[in-house]
A.B. asks: 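I'd like to ask some things about the structure below.
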Amino acid sequence: MLGATGMRTNVNEVLTPFKGMSLKDFEQQRKLMEEQNRQKRDILHKAIEQHAQKTAAEANKIQEIKSELTRLDSELASDVAILRKQIDAASLHFSNVEKNYLTIENLFLKAKVELHQALEKKEMLTEHLCAIISHNEERKARRLSELMEKHRYHYGTSRSDPDQSCTDGTKCKKW
């Protein structure tokens, strides 16, 4: 065999961990190493098993969380759907009420204008009636004055008392 320096080395000179060890010691060493390896394997298996259990527990927790989130999302979707239906119904109701309000408001405004026009017409007719009555009373007064003048002129000498009663029971006066 060639060594690191390129020289031939003797097989007996090669350093091994078992050099100078008896077979019995070697066997004990091997058994000890096997036991240590078995213990290490057992520790690793336990660690892997614990880790697997933790992973399974975390996976179960994650699945529970996912299920809860799915349930919450489903409830939210259901609530949103209900609220959307209610909003649609309220919106439709609002539109109908608003339409009805605008119709009634329009009718109210028309009625208000008609009321104002009717009041103006009534006041105008009342003024016209008052003017006609006043004009008629003035015409009557003129006509009565004319008639009294005419009758006094014709009958002025026949009446001896100027404060004589007229036909309606009042005192007649000369003009």
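Scope of the values below: all heavy atoms of this structure, side chains included, with no hydrogens, waters or symmetry mates.
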A.B. asks: Quick one: do Arg38 and Asp42 make a salt bridge, cutoff under 4.0 Å?
C.D. replies: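 A salt bridge is present here (some side-chain N lies under 4.0 Å from a carboxylate O).
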A.B. asks: To the nearest 0.5 Å, tell me how far Ile48 CD1 sits from Thr55 OG1.
C.D. replies: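 Between atom CD1 of Ile48 and atom OG1 of Thr55 there are 11.0 Å.
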A.B. asks: So how far is it from Thr70 OG1 to Glu75 CD, rounded to the nearest 0.5 Å?
C.D. replies: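 If we round to the nearest 0.5 Å, Thr70:OG1 and Glu75:CD are 11.5 Å apart.
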A.B. asks: Test side-chain hydrogen bond (donor to acceptor under 3.5 Å, both in side chains) on Thr103 and Asn106 and set out the steps.
C.D. replies: CA-CA 5 Å; Thr103 301; Asn106 192 23; over 6 Å; no
A.B. asks: To the nearest 0.5 Å, tell me how far Lys110 NZ sits from Gln117 CD.
C.D. replies: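 Between Lys110 NZ and Gln117 CD, I get 12.0 Å after rounding to 0.5 Å.
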A.B. asks: Main chain of Lys122, side chain of Thr126: is a donor-acceptor contact present, judged purely on distance under 3.5 Å?
C.D. replies: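 Such a contact is found between Thr126 side chain and Lys122 backbone.
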A.B. asks: Salt bridge check, Lys150 against Glu146: does any charged N sit closer than 4.0 Å to a carboxylate O?
C.D. replies: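 So Glu146 does not pair with Lys150 through a salt bridge.
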A.B. asks: Going through the checks in order, is the side chain to side chain contact (heavy atoms under 4.5 Å, CB included) test met by Leu69 and Ile65?
C.D. replies: CA-CA 6 Å; Leu69 287 175; Ile65 291 170; 4.0 Å; yes
A.B. asks: Measure the OG-CG distance between Ser134 and Leu129 for me, rounded to the nearest 0.5 Å.
C.D. replies: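 CG of Leu129 is found 11.0 Å from OG of Ser134.
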A.B. asks: Once you round to the nearest 0.5 Å, how far does CD of Glu114 lie from CG of Leu107?
C.D. replies: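 Between atom CD of Glu114 and atom CG of Leu107 there are 9.5 Å.
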A.B. asks: What's the verdict on side chain to side chain contact (heavy atoms under 4.5 Å, CB included) for His128 and Met124, showing C-alpha distance, side-chain angles and the deciding distance?
C.D. replies: CA-CA 6 Å; His128 188 63; Met124 182 190 72; 5.5 Å; no
A.B. asks: Among Lys85, Gln86, Arg84, find the one that has a side chain to side chain contact (heavy atoms under 4.5 Å, CB included) with Ile82.
C.D. replies: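 Going through the options one by one, the only one that passes is Gln86.
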A.B. asks: Check side chain to side chain contact (heavy atoms under 4.5 Å, CB included) between Leu119 and all other residues, then give those that pass, not counting sequence neighbours.
C.D. replies: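 For Leu119 the side chain to side chain contact (heavy atoms under 4.5 Å, CB included) partners, ignoring immediate neighbours, are Glu123.
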A.B. asks: Side chain to side chain contact (heavy atoms under 4.5 Å, CB included) for Ser67 and Gln63? Distances and angles first, verdict last.
C.D. replies: CA-CA 6 Å; Ser67 296; Gln63 188 58 41; 3.7 Å; yes
A.B. asks: Classify the side-chain pair Asp88/Ser91 by whether it contains a donor and acceptor separated by less than 3.5 Å.
C.D. replies: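 Judged by distance alone, the side chains do not pair up.
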A.B. asks: Looking at CG of Asn37 and CG of Leu44, how far apart are the two atoms once the value is rounded to the nearest 0.5 Å?
C.D. replies: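 Answer for the CG-CG pair, Asn37 versus Leu44, is 10.0 Å.
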A.B. asks: Less than 4.5 Å apart, any side-chain heavy atom of Val97 and any of Phe94?
C.D. replies: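 Heavy-atom side-chain distance check fails, nothing below 4.5 Å.
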A.B. asks: Do Glu64 and Lys61 sit within salt-bridge range, that is, some charged N less than 4.0 Å from a carboxylate O?
C.D. replies: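 Lys61 and Glu64: not salt-bridged.
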A.B. asks: As a quick check of understanding, evaluate salt bridge (charged side-chain N to carboxylate O under 4.0 Å, His left out) for Glu68 and Arg71, giving each step before the final call.
C.D. replies: CA-CA 5 Å; Glu68 185 66 19; Arg71 187 185 64 77; 2.3 Å; yes
A.B. asks: Set out, in order, the CA-CA distance, both residues' side-chain angles and the distance that settles side-chain hydrogen bond (donor to acceptor under 3.5 Å, both in side chains) for His45 and Glu49, then state yes or no.
C.D. replies: CA-CA 6 Å; His45 282 296; Glu49 188 177 320; over 6 Å; no
A.B. asks: Assess whether side chain to side chain contact (heavy atoms under 4.5 Å, CB included) is satisfied between Lys112 and Leu115, documenting all intermediate values.
C.D. replies: CA-CA 5 Å; Lys112 191 174 181 180; Leu115 177 67; 5.6 Å; no
